[in-house]
Amino acid sequence: MDIFFNYAIEAAMSFAHPLAKRAKVWPMKSRDGSDRNVLVIVTTIVLDPLSEKYKKKLVDRLSEAASAYIAGKAGITDFVLINRMKEWE
């Protein structure tokens with residue numbers, strides 16, 4: 001697993017997008033016990049669709065870029081968008 005995880009970390013380092021502040025691959029266990037690598041993308045754009053500042057177009061653009069990126073990476077199965085913790089309410 002170490003070699004697989006190291007590959008996944010290197011892959012995340014190469015993910016770059018103007019709306020992404022950071023990206024990192026985290027190893028996770030699924031409910032069936034299998035190992036998965038998830039690309040976690042930290043962004044400053046508002047992700048709450050109920051907020052007045054929410055811009056669906058920006059969220060969609062970042063999501064599409066992440067989907068296209070992981071489609072070309074064998075070691076990464078999913079992605080999640082999150083805000084920096086200091087921006088949480």
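Keep in mind the model is a prediction, meaning the values are calculated, not measured. The residues of the chain are indexed from 1 along the displayed sequence.
- With hydrogens and angles disregarded, no donor-acceptor distance shorter than 3.5 Å links the side chain of D78 to the backbone of V38.
- Qualifying salt bridge (Lys or Arg N to Asp or Glu O under 4.0 Å) partners for D48, counting only residues two or more places apart in sequence or in other chains: none.
- One finds the CD1 atom of I45 at 14.0 Å from the NZ atom of K53 (value rounded to the nearest 0.5 Å).
- Under the 4.5 Å side-chain criterion, counting only non-hydrogen atoms from C-beta, V25 is in contact with I76.
- Judged by distance alone, with hydrogens and angles left aside, the side-chain atoms of T43 form no donor-acceptor pair with the main-chain N or O of A20 at under 3.5 Å.
- Contacts classified as salt bridge (charged side-chain N to carboxylate O under 4.0 Å, His left out) and involving residues 56-67 (residues at least two apart or in different chains) are given here: K56-D60.
- Between V59 and Y54, the closest heavy-atom pair is CG2-CE1, 3.6 Å.
- No donor-acceptor pair closer than 3.5 Å links the side chain of S34 to the backbone N or O of S30.
- Under a 3.5 Å cut-off, the side chain of N83 and the backbone N or O of V46 do not form any donor-acceptor pair.
- Contact record, L81 with S63: CD1-OG, 3.5 Å, taken as the closest heavy-atom pair.
- Side-chain contact between F79 and V40 is absent, with no heavy-atom pair separated by less than 4.5 Å.
- Within the model, atoms CZ of R84 and OG1 of T44 stand 6.5 Å from one another, a figure rounded to the nearest 0.5 Å.
- The nearest pair of heavy atoms linking L39 to A23 is CD1-CB, 4.0 Å.
- With hydrogens and angles ignored, the 3.5 Å screen pairs no side-chain donor or acceptor of T77 with any backbone N or O of R36.
- Contact annotation: the side chain of L62 approaches that of H17 to within less than 4.5 Å [non-hydrogen atoms, C-beta and beyond].
- Within the model, atoms CG of D35 and NZ of K29 stand 4.0 Å from one another, a figure rounded to the nearest 0.5 Å.
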